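Only a predicted model underlies this, so the values are computations on that prediction, with no experimental measurement involved.
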Amino acid sequence: MRLQTLLERMEYSCPQGSADVEVTDLVYDSRKVTAGSVFVCIKGAVVDGHTFIPSVCKAGAAAVVVQDEVEVPQNVTVIRVPDTRIALAELSAAYFGHPAEQLKTIGITGTKGKTTTTYMIKSILEHAGYQVGLIGTIETIIGDTHIPAINTTPESYVIQESFRKMVDAGMNVVVMEVSSQGLMMHRVGGFVFDIGIFTNLEPDHIGPNEHASFEEYMACKGRLFKQCRLGIVNADDEHTEKMLAGHTCEIETYGLSEKADLRATDMELIKGKGYLGVKYHAKGLVDCPVEIHVPGRFSVYNSLTAIAVCHHFKVTTENIQSALRAAKVKGRIEIVKVSDDFTLMIDYAHNAMSLKSLLSTLQEYEPGRLVCLFGCGGNRSKLRRYEMGEVSGNMADLTIITSDNPRYEEPQAIINDIKVGMAKTDGKFVEIADRKEAIRYAVAHAKPGDVIVLAGKGHEDYQEICGVKHHMDERELIAEVVAELKSEA
């Protein structure tokens, strides 16, 4: 393909060579450059792609895309742009034939709820007959192919490549999580979302390697609403108005307040045999009763978001209702049916803030006992261990302390740190380092009315020990434990 074809929709200058040159590949990893490649010099936090120019020229690059002045051999074309991250997104979109234009694109940003909401939307739209791809924290889904995620929002080249595969596989919709980092680094550049969604905003991802301040974090989230045609936002979040400053899209709202375009009324927590949930009546843009077998008031917000989106796809209320009842997200308050007498669930809560939110949600259901099983990762902050121990000690009726990715530390040393936090409380606990044995204890000692949560692993299907990831899926462990307990009975 001709380089100028890739550059058609971009602003650029060509200080050396010609844009009318044949190129064979688009590359942003210098190790993948081959003869005829165009190499994009990305400036990262640690590595600057401009420093690899001598090696990529030696490897046969036909052109380099830069934002700094550079010196290259005369036979190499130089394309200069204001920002190479933006350029990579635009070049990638062109390289893969602008696949987003053949999809309905839905992007979700916010501190919490992104993952669950993407799966809810996917579930509803598929019930209605759409072919839906997904990109998010857990995985990318293209038809029957599931690709484990590295970042919540992948690099722009990977996003466009995924879009291309989705179109080729017959997908007509994609729903994706859009992180603040992804927006800040222009990973979702090169196209306009049909629908942008805002869930909520809390102080998070503030630090030396992420966002300098909460204001920057909020501003990055707000970029989505300068890059979508329709924005669907949480009317109840105190930051919504500021985050929408300068938005260029139409706006619809959802929430519990009367001012929301789509709102939930008559909300009620429900308990069934081995599950917890919530029901309410949706009013406004849609009018129908809704029941979800996922506990918590935040499930109301997540489901309202999904309903608000699917309303624009002309989905029937019957499809919305049945899809939401069946909606399930791996590792996000994922209920695993073991018994009619007690409720067992898996959740990704792996820090004090998320664990506190989870346990407070479950306390609202007034369980006979709230049992919390968790561990903490090795070679990470000890403060997290103290905090999680204190949260569980204060909020759970029984804590089962176990292992979670000990890495290069001794599991018992991590457990001892968690116990430091537990010691600040009057909470009862047991310690069982082997995670399967800890799960066995939880199930074998369960009492009627108990709610048991296995926290920390969520969607992860491994245990990392001494640099090696060993397969370990809690769903499999639960099934093994239940089978073994039955055979012993």
Side-chain angles (χ1 to χ4, degrees), residues 112-128 132 134 136 138 175 199 254 256 262 264-282 286 288-310 315-349 354 357-372 442-443 446 448-455 457-459 474-475 478-479 482:
K112 293 180 180 177
K114 297 188 297 295
T115 301
T116 300
T117 305
T118 55
Y119 282 87
M120 282 184 169
I121 291 169
K122 186 175 190 292
S123 176
I124 294 172
L125 291 178
E126 287 180 340
H127 265 68
V132 185
L134 182 147
I138 298 174
V175 56
T199 60
Y254 66 91
L256 305 184
L262 176 67
T265 62
D266 306 320
M267 189 173 66
E268 184 183 337
L269 303 180
I270 56 174
K271 291 194 270 190
K273 291 185 175 181
Y275 75 88
L276 306 173
V278 63
K279 64 181 181 180
Y280 62 90
H281 198 99
V286 173
C288 68
V290 177
E291 184 173 314
I292 323 153
H293 293 173
V294 181
R297 295 175 187 275
F298 55 82
S299 295
V300 174
Y301 281 100
N302 293 341
S303 58
L304 278 174
T305 312
I307 294 168
V309 170
C310 295
V315 180
T316 65
T317 55
E318 291 78 11
N319 273 326
I320 287 173
Q321 289 167 320
S322 60
L324 284 176
R325 277 195 297 271
K328 189 176 182 180
V329 183
K330 188 176 183 181
R332 298 302 195 276
I333 310 195
E334 178 189 352
I335 293 176
V336 182
K337 184 67 183 293
V338 171
S339 168
D340 288 345
D341 294 332
F342 61 90
T343 304
L344 176 66
M345 65 186 69
I346 295 170
D347 192 80
Y348 190 50
S354 57
S357 174
L358 171 64
L359 296 181
S360 62
T361 292
L362 298 176
Q363 281 179 335
E364 291 187 56
Y365 287 83
E366 300 178 347
R369 291 188 310 167
L370 180 53
V371 179
C372 179
V443 174
D450 279 359
V451 171
I452 303 168
V453 58
L454 314 183
K457 297 302 292 178
H459 59 276
E474 287 192 315
R475 294 144 206 83
I478 291 166
V482 169

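Evaluation of the salt bridge (charged side-chain N to carboxylate O under 4.0 Å, His left out) rule for E126 yields K122 as partners, not counting sequence neighbours. Every residue two or more places apart in sequence or in another chain that forms a side-chain contact (heavy atoms from CB on, under 4.5 Å) with Y348 is listed here: R332, H350, H459, E460. With sequence neighbours excluded, the residues that form a side-chain contact (heavy atoms from CB on, under 4.5 Å) with V286 are L262, C288, I307, H311, T317. Listed by chain and number, the residues in a salt bridge (charged side-chain N to carboxylate O under 4.0 Å, His left out) with E364 are R297 (sequence neighbours excluded). K112 is linked by a salt bridge (charged side-chain N to carboxylate O under 4.0 Å, His left out) to E202, counting only residues two or more places apart in sequence or in another chain.
In this structure, CG in D450 is found 4.0 Å from CZ in R369, a value given to the nearest 0.5 Å. In this structure, the separation between CZ on F298 and OG on S357 is 6.0 Å, given to the nearest 0.5 Å. Atom CD1 of I124 and atom CG of N319 lie 9.0 Å apart (nearest 0.5 Å). In this structure, CG on L454 lies 5.0 Å from CD on E474, to the nearest 0.5 angstrom. Rounding to the nearest 0.5 Å gives a distance of 9.0 Å between CD1 of I335 and NE2 of H293. I333 contributes atom CD1, which lies 6.5 Å from atom CE of M345 (distance to the nearest 0.5 angstrom).
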| request: Apply side chain to side chain contact (heavy atoms under 4.5 Å, CB included) to the pair V294 and V278, showing each step before the final yes or no. | output: CA-CA 7 Å; V294 181; V278 63; over 6 Å; no
Query - Check against side chain to side chain contact (heavy atoms under 4.5 Å, CB included), V453 and L359 - result: CA-CA 9 Å; V453 58; L359 296 181; 4.0 Å; yes
- Query: What's the verdict on side chain to side chain contact (heavy atoms under 4.5 Å, CB included) for I346 and V336, showing C-alpha distance, side-chain angles and the deciding distance?
  - Reply: CA-CA 7 Å; I346 295 170; V336 182; 3.9 Å; yes
Side chain to side chain contact (heavy atoms under 4.5 Å, CB included) for T305 and Y254? Distances and angles first, verdict last. CA-CA 7 Å; T305 312; Y254 66 91; 3.1 Å; yes
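A heavy-atom distance below 4.5 Å is not found between the side chains of Y280 and T265. Residues F342 and I452 form a side-chain contact, since some pair of their non-hydrogen atoms from C-beta on lies under 4.5 Å apart. For the pair L256/V300, a side-chain contact is recorded, criterion being any heavy-atom separation below 4.5 Å from C-beta on. You'll find the side chain of K279 stays beyond 4.5 Å of the side chain of P289, heavy atoms only. Between V290 and L324 the shortest side-chain heavy-atom distance falls below 4.5 Å. Looking at L362 and P367, their side chains never come closer than 4.5 Å, going by heavy atoms from C-beta outward. Taking 4.5 Å as the limit, some side-chain heavy atom of C310 sits within range of a side-chain heavy atom of L125.
Contact between A323 and S123 at its shortest, heavy atoms only, is O-OG, 3.4 Å. S299 and M120 make their closest contact through O-CE, 4.4 Å (heavy atoms, listed as atom of the first residue, atom of the second, distance). Nearest approach of S354 to A349, heavy atoms of both residues: OG-CA, 3.4 Å.
A donor-acceptor pair under 3.5 Å is formed between the side chain of Y365 and the backbone N or O of G296. A donor-acceptor contact shorter than 3.5 Å links the side chain of T118 to the backbone of T115.
Residues in residues 334-344 take part in these side chain to side chain donor-acceptor pair (under 3.5 Å) pairs, two or more places apart or across chains: E334-R475, K337-D340.
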